2 protein chains.
Amino acid sequence: MRDLLILLELAQAGAHIAPCRLSSKTLATKLGVSQQTAARWLIDLERRGLVTRALDRRGQSVQLTKEGQATLHSAHQRLSSIFDARPRTLELKGSVTSGLGEGGYYMRQEGYRKQFKRLLGFEPYPGTLDVKLSNESRELKATLENLPGKRIDGFVTPERTFGQVKCFSAKLRGVRVAVVMPSRSAHADVIELISAKNLRKSLKLKGGDAVNVEVTI
Amino acid sequence: MRDLLILLELAQAGAHIAPCRLSSKTLATKLGVSQQTAARWLIDLERRGLVTRALDRRGQSVQLTKEGQATLHSAHQRLSSIFDARPRTLELKGSVTSGLGEGGYYMRQEGYRKQFKRLLGFEPYPGTLDVKLSNESRELKATLENLPGKRIDGFVTPERTFGQVKCFSAKLRGVRVAVVMPSRSAHADVIELISAKNLRKSLKLKGGDAVNVEVTI
DNA sequence: ATTACTAATGTACGAGTAA
DNA sequence: TTTACTCGTACATTAGTAA
């Protein structure tokens, strides 16, 4: 929860680039807590893989790990999406997951298909690629959930009602795709991608493959 | 401490622009805490003037105050200074304060003067203009304290030892100045400015005058 | 100087619940 | 349904130290 402020302080001391000598007392003063608490927080960050430390008799050197940097970067992107009005791109990281095959059922509905074609400019392949998001990206998904995106209206068939969804243009390994999600935020850690072709086949993806999705917002 | 994450969530829900209907339960889910805790946090933010709320029998509307927005904006600037490599400018607001006249003593030391001339390109007037920072700018000063700046080495005279300081180029009402501060962060809410001329005279400044200092970082 | 343990204290959390 | 109170418990923090 308070990771962000600690990492921010560490990064401002240069620990996002190189190992940085920083005593627990100094950090404690900057953060307004006791030396003991600052030390404990650092130990905790190290245990969770957000920083690495090197101890010696003179003190310690601290450096942010990739994950630590990713945490800060994610926060920066969230803030940027608030303060920068212009269109931006947001990078979600995750891995291909098998999913429930449920997405395909929806993508076969003509009521959705014709809207996708109009809004995205391509006829979607009747299936979805599900991507399980990494820890850092999970927070960025909240950004998407709060942005309007392109609205796909709901509709009614004799069998049932289909709810409103929204989508965002995106790129996956250079291929034009779209992120589809319910308009009412279902707070899941998985995003569903659609494209003109079968993404698993055309990109030769299999479950567990790491992927980056570049979403245009 | 955790204000940032709450404000971030509120802003992503649109509460930085307009009053935003948001139940404590919804917020609680987004933040991963209980409804009671989310409610308590909101009450606390309201008490400290970071948000305003409007209660009715259906629930509540929440909106960020200027101070709430400033808190987020300050965090955004700190993060931007980390991720945007290009030179940036940081704006500190405050008012002219009389100071202790102590700065002038330091600025008369030849050990400092020759270094200032070399690093800044001008011979500093032997006095400082002290600016008491506003609340929001105080946090931004932490950014400066953590940035390297231009290093002015310490030195020893027969009388005493002078510590290492650092400085940043800046502009004050269009005039080229520099912000000087100890390398070891003395967490004060005042910054000291030096310039080629007597700033009080050349800019006709007097105690209490509001000033903006544009620092190049 | 440091880091970081232990023990005592303090504070925050959420269950239950009222309005 | 909401918001938000009380209160017992659990966790976080710090003082005092050891290494």
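Not measured: the values here are computed from a predicted model.
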Any side-chain donor near an acceptor of the partner, B/K171 and B/T89, under 3.5 Å: no
Any carboxylate oxygen within less than 4.0 angstrom of a Lys/Arg side-chain nitrogen, looking at A/E145 and A/K141? yes
Taking atom types as modelled, find out whether A/R78 and B/Q12 have a side-chain donor-acceptor pair closer than 3.5 angstrom. yes
Side-chain donor-acceptor contact under 3.5 Å, A/T26 with A/S23: yes
List DNA chain C stems (3 or more consecutive Watson-Crick/G-U pairs, under 3.5 Å)? C:2-19 with D:2-19
Can you sort out the partners of B/H73 under ring pair (Phe, Tyr, Trp, His ring centres under 6.0 Å), two or more places apart, ordered by chain and number? A/F83
Between C/dG14 (P) and B/L27 (CG): distance, integer Å: 12 Å
Please give, in whole Å, the distance from C/dA19 C1' to B/R58 CZ? 19 Å
Taking NZ, NE, NH1 and NH2 as the nitrogens, is one of them in B/K166 or B/D153 under 4.0 Å from a carboxylate oxygen of the other? no
B/F122 meets the ring pair (Phe, Tyr, Trp, His ring centres under 6.0 Å) criterion, sequence neighbours left out, with none
Given salt bridge (charged side-chain N to carboxylate O under 4.0 Å, His left out), test A/R48 with A/D44 step by step and report yes or no. CA-CA 6 Å; A/R48 289 184 294 138; A/D44 196 49; 3.4 Å; yes
Among residues at least two apart in sequence or on other chains, which ones pass ring pair (Phe, Tyr, Trp, His ring centres under 6.0 Å) with A/F116? none
Return the value, rounded to whole Å, for the distance between atom CG of B/D44 and atom C1' of D/dC5. 16 Å
Identify all pairs in which a protein N or O lies below 3.5 Å from an N or O of nucleotides 8-13 of chain D, and state each distance.
residue	atom	partner	partner atom	Å
D/dT13	OP1	A/R2	NH2	3.2
D/dT13	OP2	A/R40	NH1	3.2
D/dT13	OP2	A/R40	NH2	3.3
D/dT13	OP2	A/W41	NE1	3.0

Is it true that A/D189 and A/K132 have a side-chain N and a carboxylate O under 4.0 angstrom from each other? yes
Provide a list of protein-nucleic acid N or O atom pairs under 3.5 angstrom, restricted to nucleotides 3-6 of chain C.
residue	atom	partner	partner atom	Å
C/dT3	OP1	A/S24	N	3.1
C/dT3	OP1	A/Q60	NE2	2.9
C/dT3	OP2	A/S24	N	3.4
C/dT3	OP2	A/S24	OG	2.5
C/dA4	OP1	A/R53	NH2	3.4
C/dA4	OP2	A/R53	NH1	2.7
C/dA4	OP2	A/R53	NH2	3.2
C/dA4	N7	A/Q35	NE2	2.8
C/dA4	N6	A/Q35	OE1	3.0

Atom CE of B/M1 to atom P of C/dC13: distance rounded to whole Å? 13 Å
